[in-house]
2 protein chains.
Amino acid sequence: MEKSTKSKILEAATELMAESGYSGASMRKIAKRVGIRESAIYNHFKNKEAIFETILENLFHSAFDEFFAKRSVEDEARKGKRFLKEYVMAYKLISFDPKHEKFFRIILIEMMREKKVRELFMKHFFDKDVKMLAQAFFVMMQHDLVRSDDPKLMAQEFLSPLFTMRLQVMLLRLDGAPTTSFSTLFERHVDFFWQGIAIVS
Amino acid sequence: MEKSTKSKILEAATELMAESGYSGASMRKIAKRVGIRESAIYNHFKNKEAIFETILENLFHSAFDEFFAKRSVEDEARKGKRFLKEYVMAYKLISFDPKHEKFFRIILIEMMREKKVRELFMKHFFDKDVKMLAQAFFVMMQHDLVRSDDPKLMAQEFLSPLFTMRLQVMLLRLDGAPTTSFSTLFERHVDFFWQGIAIVS
DNA sequence: GTCTATAGAGAGATAGAC
DNA sequence: GTCTATCTCTCTATAGAC
């Protein structure tokens, strides 16, 4: 089965937008990359905006969510530090995955332009994970694995370094710079954080 | 003393770029806001890029740096938690300051477009502060105020939540959304973090 | 130092033949 | 469903009069 022209357009548009944003991905360039004329694009999408909308819709269907959807946070959280290690490992994989990196870039570029993208950003890079992590920390507190505190605050504190690492990794890779030092940093984050919250009995 | 046309151009360009980036700030719009013709701009700047360069140069002359340049990190760090409180207070002020917010936005929008801006971003939003904070934590470790660990790691862990808060504040304010909950979050961050690293004797 | 006028490039989009 | 041709708009930048 050949790739449809429609999916080729989406693929080309995604790449171009990840390189230089919505305005940088002109219909001319998209058409050229696919190997058709600009006018032919309009047989598949109403206009440029429609292409972008479709990309956004597909953006968050993969991920992460699946990884944790399968599991019960209630059960997993009882593993304490091991749970955090697994979570961070998944986060790290996504940070270094080329496809997710493209999406991350598009979101970052376009969130300054469109409110809708800003909301997606907040939801998928903060709120969603904070909520899940807060739940996990709550369970850990109940089982006296970690010290008692506001679970949501703890979740934000745990997530923030991961986000800034991901951001820095993405920026360095834009320039083809090495990111090896970040590889161990993800793990060291868990160790550091755990030492600050663990109850040693 | 009247504002020079040149400085008016810079001011207009800064505002427009903070709203919609380099490409969104057209020479037409800049000229219109200043109250002159586009061609007149070229009497003051070689081209559009030169306007942007000038803005970037001025970006980091104010700030923060001044606040801490006056002080000796060596001495200040001995205050332990009080030092962190003061640092975060300064960080918070900047996060809510309209002028710094404009700069922050421009940097965020344009760092995806230009390597030079990416480097400025890394330097001024991470490296510079991490370096200073690492120095401070090192002093605190020497004085047995905080537990022994890698000072640089500790600095990154301390700074990351501040950065993500600043980012979220900026995004919310773009939409005119309330940011009151973040006001206390800055202080709560210090309390939380301190509890994780402090040596109680 | 500002203006008018205009060049020249690139963008998004449509009409109509095949 | 793709093509050629073309419209219209916006952009950066320059030439030359005042």
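Residue numbers begin at 1 in each chain, while the letters A, B, ... track the order of the sequences.
- Tested against B:Ile51 for a side chain to side chain contact (heavy atoms under 4.5 Å, CB included), the candidates B:Leu10, B:Thr14, B:Leu56 yield a single pass: B:Leu10.
- Residue A:Ser26 places none of its side-chain N or O atoms closer than 4.0 Å to OP1 or OP2 of C:dG10.
- Salt bridge annotation for B:Glu101-B:Arg105: present, with a cationic side-chain nitrogen under 4.0 angstrom from a carboxylate oxygen.
- The CZ-C1' distance, from A:Arg28 to D:dA5, rounds to 12 Å in whole Å.
- Atom CD1 in B:Ile41 sits roughly 10 Å away from atom P in D:dA13 (whole-Å rounding).
- The backbone N or O of B:Phe138 lies less than 3.5 Å from no partner atom in the side chain of B:His143, so there is not a single donor-acceptor pair.
- No engagement by B:Ser23 is indicated, since no non-hydrogen atom pair under 4.0 Å with the nucleic acid exists.
- Nearest nucleotide to the A:Tyr42 side chain, out of D:dA13, C:dT14, C:dG10: C:dT14.
- Each of A:Phe103, A:Phe104, A:Phe126 was compared with A:Phe121 under the ring pair (Phe, Tyr, Trp, His ring centres under 6.0 Å) criterion, and only A:Phe126 meets it.
- Rounded to an integer number of Å, the gap from B:Met27 CE to D:dA13 P is 6 Å.
- At a cut-off of 3.5 angstrom, the base of D:dT4 holds at least one donor-acceptor pair with the side chain of A:Ser39.
- Between the CD1 atom of A:Ile36 and the P atom of C:dC18 there is a distance of 21 Å, given to the nearest Å.
- When the C1' atom of C:dG12 is taken as reference, atom CD1 of A:Ile51 falls 11 Å away, rounded to whole Å.
- As rounded to whole Å, 11 Å separates atom C1' of D:dA5 from atom CZ of A:Arg37.
- Nucleotide C:dT14 holds its P atom 15 Å from the NZ atom of A:Lys48, rounded to whole Å.
- In this structure, the CZ atom of B:Phe45 is 12 Å from the P atom of C:dG1, given to the nearest Å.
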